[in-house]
2 protein chains.
Amino acid sequence: MAHLNGIKFYKSYKAGEPIVWAGDEVDFVASVVGGVATLTQTMEDGRRQMVGLLLASDFIGRPNRETVAYDVTAISDVTLCCFRRKPFHEMLVKTPHISQRLLEMTLDELDAAREWMLILGRKTAREKIASFLSIIARRETIAEGGDVGTNVAFELPLTREAMADYLGLTLETVSRQMSSLKRDGVIQLEGKRRVVVPDFNSLLNETGDDSDGGVLV
Amino acid sequence: MAHLNGIKFYKSYKAGEPIVWAGDEVDFVASVVGGVATLTQTMEDGRRQMVGLLLASDFIGRPNRETVAYDVTAISDVTLCCFRRKPFHEMLVKTPHISQRLLEMTLDELDAAREWMLILGRKTAREKIASFLSIIARRETIAEGGDVGTNVAFELPLTREAMADYLGLTLETVSRQMSSLKRDGVIQLEGKRRVVVPDFNSLLNETGDDSDGGVLV
DNA sequence: CATTCGCTTTGACGCAGATCAAGCATGCCG
DNA sequence: CGGCATGCTTGATCTGCGTCAAAGCGAATG
């Protein structure tokens, strides 16, 4: 996505800052350069569900639509690389391999959403936490260029409350299950945010997923 | 999607028949011509979550990937319009506006998946049922060319068990909540499968969603 | 150094929905 | 026609997680 003179610009947001609200008109699409942002849906009475977790290189917005369907929030300091919507859409028409790339990315997101649906609909609180940790472990260690060996350590990009919104739980339940996994030796905590997983397979065993090794080397 | 000599063919499946299993190699992609199919994920111990409900014109498969990630099952008699994967992929590269169309469809599915995530993660059993019924009402009555007026009637394409798999509930809870909505006059049942909604707004009021009219005319 | 604030942990208790268990209705097949 | 299968309903009981409440902890601030 290089060489897009004039239609491309950067924007930064501080941790906690809203990027756009559901229903807002937005005249750009963007991709995350650095930091973490979330997509959330909120019900009238305040119940909240996260529906997207955006890390570096993830895409925001629909080329063809001027309003946005979800609240987008910066959860750490975030930098976006933005493209004005109209020229971006024209470029899409002229440069087919970009829309094919975008299709691939969207299909990957759809797959992620479907894995997420299984977590939300059928897993216990403990399985939800274990699944979340293994998802983050995978994304974070790949981002750091490391291999997912048996011994893994990473920083949680989310507060307990945000984890609860991700998993359809309350923050108290998240906290209790983290403590429980710690008690059982599945994870260790250094401070509140850094997680050490001494044996990644034993974490996977807690997810409820088919556990025959999986992605492990 | 016309004029695709030689690479296009049709396949039919009976109600209940599996179309493909998760992990199978499949050399075609397809679009649903008629009937209803589901995408489901199953855990080792048998817990099941539906992650896709495919009606007429919905698309199955990934142009770029030879295996399939979910169980696909015909839930009524189903006819698929299939395209061999390799030539389909080549056509995609040569005919950019098709991949743009496919991108639009995929983004719509992603939006649907995200609405679904809110339902799974945060709604009560009663709200889940009401949400499901209003989603089906919308899709079915549009398919029949009718308008979604206040008074709506439609056929449920799913058994109580499949509804449970859709909503992350047990079939008993689905049954109880259907009875409860019936007792409260929100819906009427003609037989087990036909649903009459005397006042669509009062159904919407049960979904927990922002209720200011919405899509109603 | 004390104070406050945001985040987290932990405890006690209650309830929505799961589980276990009958029974009912409809339609199919010998 | 009777028997059996499939799908649905309803009841009784149990439990995982939500709710309410209090207290711990580290970092920032005056």
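So that the names make sense, note that chain A is the first sequence line, chain B the second, and so on, each numbered from 1.
Read 5' to 3', the first and last nucleotides of DNA chain D with an atom closer than 4.0 Å to a heavy atom of chain B are D:dC8 to D:dA12.
Spacing between atom CZ of A:R183 and atom C1' of C:dT9 amounts to 11 Å, rounded to whole angstrom units. Rounded to an integer number of Å, the gap from CZ of B:R47 to C1' of C:dG17 is 15 Å. Here C:dT8 presents its C1' atom at 11 Å from NZ of A:K182, a figure rounded to the nearest Å. Between the NZ atom of B:K128 and the P atom of C:dA16 there is a distance of 14 Å, given to the nearest Å.
B:D77 places a side-chain N or O within 3.5 Å of a backbone atom of B:A15 that can act as its donor or acceptor partner.
Within residues 163-174 of chain A, the residues approaching DNA chain D are A:G168, A:L169, A:T170, A:E172, A:T173, by heavy-atom distance under 4.0 Å.
Taking the side chain as every heavy atom from C-beta outward, A:I60 and A:V26 never approach each other to under 4.5 Å.
None of A:R193, A:E140, A:R138 except one satisfies the side chain to side chain contact (heavy atoms under 4.5 Å, CB included) rule with A:F154; the exception is A:E140.
For A:R176 and A:K192, each mapped to the nucleotide of DNA chain D holding its nearest heavy atom, the one lying further toward the 5' end belongs to A:R176. Checking A:L189 against A:R122, the closest nucleotide of DNA chain C that is more toward the 5' end is the one next to A:L189.
Here B:R193 lies in heavy-atom contact (under 4.0 Å) with sugar-phosphate atoms only. Using a 4.0 Å heavy-atom cutoff across all strands shown, A:S179 reaches sugar-phosphate atoms only and no base atom.
To the nearest 0.5 Å, the span separating CE on A:M163 from CE on A:M50 amounts to 10.0 Å.
The phosphate of C:dG6 (OP1 or OP2) has no side-chain N or O of A:T159 nearer than 4.0 angstrom.
For B:R48 and B:D71, the salt-bridge test fails: no basic side-chain N is under 4.0 Å from an acidic carboxylate O. A salt bridge links A:R65 to B:D108: at least one charged side-chain nitrogen sits closer than 4.0 Å to a carboxylate oxygen. Salt-bridge formation is not detected for the pair B:E25/B:R85: no Lys NZ or Arg NE/NH1/NH2 atom is positioned less than 4.0 Å from an Asp or Glu carboxylate oxygen.
When all heavy atoms of B:K128 and B:G168 are compared, the closest pair comes out as NZ-O, 3.7 Å.
A:F83 and A:F88 have tilted rings, their planes meeting at an angle from 30° to 60° on a 0 to 90° scale.
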